[in-house]
Amino acid sequence: MKFALFTGCVAKGATRELMLATIKSAEALGIDFIEMKSAACCGAGVISEKNPVLTDAINARTFALAEEQGLDIITICSTCQGNLKKSECHLDEDVEYKDKINHVLKDGGHQYEGGKIKIKHFSNILATPEGKALLKEKIKRPLTGLKTAGFYGCYVLRPSELSEYEDPDNPKELEELFEILGATPVYYPSRIKCCGFPIIMMNKDASHAMAGNALIEAVEGGADCVVTGCPLCHLSLDSYQPEIESMQKKHYSIPILHLPQLVALALGFSPEEIGMDKHIVSTVGLDKILAQHA
Amino acid sequence: MAKFRIKRYNPEKQAEPYYEEFDYDIPEGATLLDCLNHLKWNVDGTLTYRMSCRSAICGSCAMKGNGHALLACQKQAAHLLKDGSDTITIEPLGNMPVIKDLATDFQQFWDKVDQVKPYLQNKEKPPERERQQSPQQFRKIDDATTCIMCGACYSDCNVLEVDKNFLGPAALAKAQRFVGDSRDQATRDRIKELSKPGGMWDCTHCGECVERCPKPAEPFYRIKELMAVGLEEGVTNNVGARHALSFVKSVKHSGRLNESKIPIESMGYFNIKGLLDLVPVGLRMLLKMKIPPIIHKPIDDAKDVRRIFEEFGE
Ligand code: SF4
Ligand code: SF4
Ligand code: SF4
Ligand code: SF4
Ligand code: FES
């Protein structure tokens with residue numbers, strides 16, 4: 001398996017531990033990545049607030065880069081995944097529109113053809129039969145006893161026609177992966193909701209309340225940690241957790257893991273090797289749970 | 001045999017809502033509404049819900065099926081039985097008080113629609129005949145005009161769940177219907193109103209309204225259109241607009257986001273309270289070395305990306 005890795009900005013910035021864990025877990029699984037070093041930001045649904053055509057143009061350039069390499073794109077951010085899929089849909093459903101954009105891309109030496117490559121989130125790759133078989137084969141330390149609450153990140157689920165998940169209103173892929181890794185999934189209503197991150201500066205209270213509701217549901221469901229496929233969700237749920245707790249007048253300190261970190265743990269990496277010490281909420285408690293069951 | 005697990009509540013008789021189960025063999029092709037009608041007409045006449053047109057036009061029969069808002073007359077009941085389950089859970093719309101069983105109180109919903117002044121504002125003397133639009137002009141509002149005011153989007157909006165002050169998807173879609181109308185003359189005033197707290201910039205992009213909307217109105221896409229008009233009109237003295245501008249500037253400059261600059265530029269350099277709010281999380285992240293590298297590294301070939309930005313007018 002070989003892919004073009006669209007890292008997104010946050011995995012190269014505030015959540016570099018996500019990048020680290022992705023590389024480590026992919027290496028151990030034998031999944032080959034080529035980092036798309038000249039791909040621009042996907043626009044995060046924000047550039048399109050100002051200029052939707054420009055958003056599709058920079059993403060068409062990214063798709064063209066992958067086409068040139070002949071590789072499918074893999075994302076490690078729900079927001080990147082959702083936004084790239086939206087642009088792909090705009091470009092593929094309107095040939096004139098695509099031509100107009102290609103006309104501008106031409107001067108940079110790129111052309112987007114369409115229909116040649118797929119765009120998938122890392123979790124989608126792991127959830128394929130091949131991905132699952134690889135995981136089963138390479139597991140070194142099953143995460144027995146660990147109760148994990150999945151948090152999908154809404155951009156990978158809605159609109160459902162652009163989602164790579166089987167049943168976006170009731171997805172099971174993350175939970176299936178948890179089971180393969182030996183962990184016990186926790187189901188709770190907010191696992192498919194928004195964490196509130198996009199309005200964290202516009203309406204802080206609402207944003208924190210959304211994240212907080214998800215955290216409380218996970219805690220009440222008995223989860224030891226929340227596992228997300230999106231670094232922006234991670235910022236909302238981890239970096240801002242102290243604010244959220246003080247707003248809710250509750251204290252739970254629940255660790256938030258990036259999906260590749262959970263995978264890497266089961267593949268035998270130590271928490272430090274995959275940047276778990278870089279989180280705001282301490283993940284030390286998880287080691288204890290795993291040690292108890294080892 | 002399917003089980004209809006219906007959330008029931010009569011505030012005059014019960015302290016708390018409860019679930020009641022009805023067994024019914026779903027006839028081939030029956031909609032959820034057909035099934036409810038059968039139960040009401042033959043099993044329990046006190047079961048309460050709204051309906052009228054039975055063909056997804058009037059917007060009366062919105063309710064939740066298996067946790068998500070839908071039109072009962074538009075959904076085949078059998079399609080709600082997934083993964084071999086034999087149970088369909090039916091509940092009233094969310095984000096609204098329940099009047100009885102599946103009938104909810106739409107007062108707040110209508111108040112918010114009223115708040116966006118859902119009528120044409122044009123000071124000129126009306127012409128002899130109607131005020132006309134070209135097909136191209138109409139296309140800008142075509143989608144928004146399809147809204148049937150069913151409340152499905154409002155029910156499932158993730159922001160409304162935590163902030164009742166938010167205008168919500170239906171009212172914002174209605175606002176776009178007039179902001180985008182070539183005959184309306186109040187665009188700037190409307191946009192200024194919509195840029196206030198609780199307005200368009202409070203939408204978190206969760207896509208829930210697009211997913212639930214039974215028509216092409218799809219509010220979130222209308223909200224994005226409103227945002228674009230706001231930025232075009234230069235109504236930028238608010239966090240949402242500054243955030244968008246700062247984001248565009250950052251990606252144009254280096255091909256990617258500068259995470260350290262955006263929060264500060266979004267809050268605004270003179271927004272002392274907003275800036276102070278950023279201090280605790282900033283320090284916390286600094287201690288964990290979570291602050292992005294001091295030297296913001298551009299992507300390879302950032303020049304080409306900048307060129308594309310310029311070609312498209314940024
Ligand atoms: S969504 Fe975020 S992380 Fe992904 S590319 Fe865009 S800004 Fe960067
Ligand atoms: S849950 Fe929040 S951060 Fe995550 S994808 Fe949705 S909006 Fe983005
Ligand atoms: S996209 Fe915006 S308006 Fe629509 S449901 Fe989500 S938060 Fe509400
Ligand atoms: S926008 Fe769609 S979901 Fe919302 S009220 Fe109108 S028709 Fe119903
Ligand atoms: S009964 Fe009119 S929309 Fe369903």
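The figures that follow rest on heavy atoms only: side chains count, while hydrogens, waters and symmetry mates do not. Residue numbers start from 1 in every chain, and the chains themselves are labelled A, B, ... in the order their sequence lines are given, proteins ahead of strands.
Classification of Asp301(B) and Arg61(A) as a salt-bridged pair holds, one side-chain N sitting under 4.0 Å from a carboxylate O.
Here the side chains of Val305(B) and Ile58(A) are in contact, with some heavy-atom distance below 4.5 Å. A heavy-atom distance below 4.5 Å is not found between the side chains of Glu310(B) and Leu54(A). Counting heavy atoms from C-beta outward, Tyr155(A) and Cys206(B) have side chains that stay 4.5 Å or more apart. Between Arg307(B) and Val104(A) there is a side-chain heavy-atom pair separated by less than 4.5 Å. Side chains of Val159(B) and Ile199(A) form a contact here, defined as non-hydrogen atoms less than 4.5 Å apart. Counting only heavy atoms from C-beta outward, the side chains of Phe312(B) and Ile101(A) approach each other to under 4.5 Å. Contact annotation: the side chain of Thr204(B) approaches that of Met210(A) to within less than 4.5 Å [non-hydrogen atoms, C-beta and beyond]. The shortest distance between side-chain heavy atoms of Ile192(A) and His68(B) falls below 4.5 Å.
Counting all heavy atoms, side chain and backbone alike, Ser239(A) lies closest to Arg284(B) at O-NH1, 2.5 Å. Shown here for Phe247(B) and Gly43(A), the closest heavy-atom pair between the two residues is CE2-O, 3.7 Å. Contact detail for Pro159(A) and Glu211(B): the closest heavy-atom pair is CA-OE1, 3.3 Å. When all heavy atoms of His205(B) and Gly45(A) are compared, the closest pair comes out as CE1-O, 3.6 Å.
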Could you go through Lys50(A) and Glu232(B), starting from their C-alpha distance and side-chain angles, then the distance that decides it, and tell me whether this counts as salt bridge (charged side-chain N to carboxylate O under 4.0 Å, His left out)? CA-CA 8 Å; Lys50(A) 179 142 201 301; Glu232(B) 213 171 283; over 6 Å; no

Checking Val251(B) against Ile47(A) for the side-chain contact (heavy atoms from CB on, under 4.5 Å) test, could you report, in this order, the C-alpha distance in whole Å, the side-chain angles of both residues, the deciding distance, and whether it holds? CA-CA 9 Å; Val251(B) 178; Ile47(A) 295 183; 3.9 Å; yes

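Only the side chain of Asp238(A) comes within less than 4.5 Å of a heavy atom of chain B; its backbone N, CA, C and O stay farther away. For Asp300(B), the parts lying near chain A are the backbone and the side chain together; criterion is any non-hydrogen pair under 4.5 Å. The contact between Arg212(B) and chain A is made entirely by side chain atoms (from C-beta outward), counting heavy-atom distances below 4.5 Å. In this structure, the portions of Pro263(B) lying under 4.5 Å from any heavy atom of chain A include both its backbone and its side chain. Heavy atoms closer than 4.5 Å to chain B are found in both the backbone and the side chain of Thr15(A). In this structure, chain A has no heavy atom under 4.5 Å from any part of Lys303(B). For Leu231(B), the part sitting under 4.5 Å from any heavy atom of chain A is the side chain, from C-beta outward, and nothing else. Contacts between Phe220(B) and chain A at a heavy-atom distance below 4.5 Å involve the side chain alone, from C-beta outward. If you measure heavy-atom distances from His110(A) to chain B, the contacts under 4.5 Å come from the side chain alone.
Contact count versus chain B (heavy atoms, under 4.5 Å) is highest, among Ser160(A), Ala57(A), Ala209(A), for Ser160(A). Ranked by heavy-atom pairs under 4.5 Å with chain B, the list Asn213(A), Asp205(A), Asp167(A) is led by Asp167(A). Heavy-atom pairs under 4.5 Å with chain B were tallied for Asp169(A), Thr55(A), Asn51(A); the largest tally goes to Asp169(A). Top candidate by heavy-atom pairs under 4.5 Å with chain B, chosen from Ile280(A), Leu105(A), Asp277(A), is Ile280(A). Ranked by heavy-atom pairs under 4.5 Å with chain B, the list Gly212(A), Ala206(A), Ser207(A) is led by Ala206(A). Of the residues considered (Glu208(B), Lys82(B), Arg242(B)), Glu208(B) shows the highest number of contacts with chain A, using heavy-atom pairs under 4.5 Å.
Rounded to the nearest 0.5 angstrom, Ser48(A) OG and Tyr221(B) OH are separated by 10.5 Å. One distance of note links CG of Asn158(B) with CZ of Arg158(A); it measures 6.0 Å at 0.5 Å rounding. How far SG of Cys41(A) is from CG of Asn258(B): 11.5 Å, rounded to the nearest 0.5 Å. With values rounded to the nearest 0.5 angstrom, Met201(A) atom CE is found 6.0 Å from Met267(B) atom CE.
Within a 6.0 Å sphere centred on CD of Glu272(A), heavy atoms belonging to other residues, nucleotides or ligands number more than 12. Around atom NZ of Lys140(B), no more than 12 heavy atoms belonging to other residues, nucleotides or ligands sit under 6.0 Å away. In this structure, Asp99(A) places its CG atom where more than 12 heavy-atom neighbours from other residues, nucleotides or ligands lie under 6.0 Å away. More than 12 heavy atoms of other residues, nucleotides or ligands sit less than 6.0 Å from atom NZ of Lys172(A). With a 6.0 Å radius and a threshold of 12 heavy atoms from other residues, nucleotides or ligands, Glu166(A) has its CD atom at or below the threshold.
In this model, no donor atom of one side chain and acceptor atom of the other lie less than 3.5 Å apart for Glu311(B) and His103(A).
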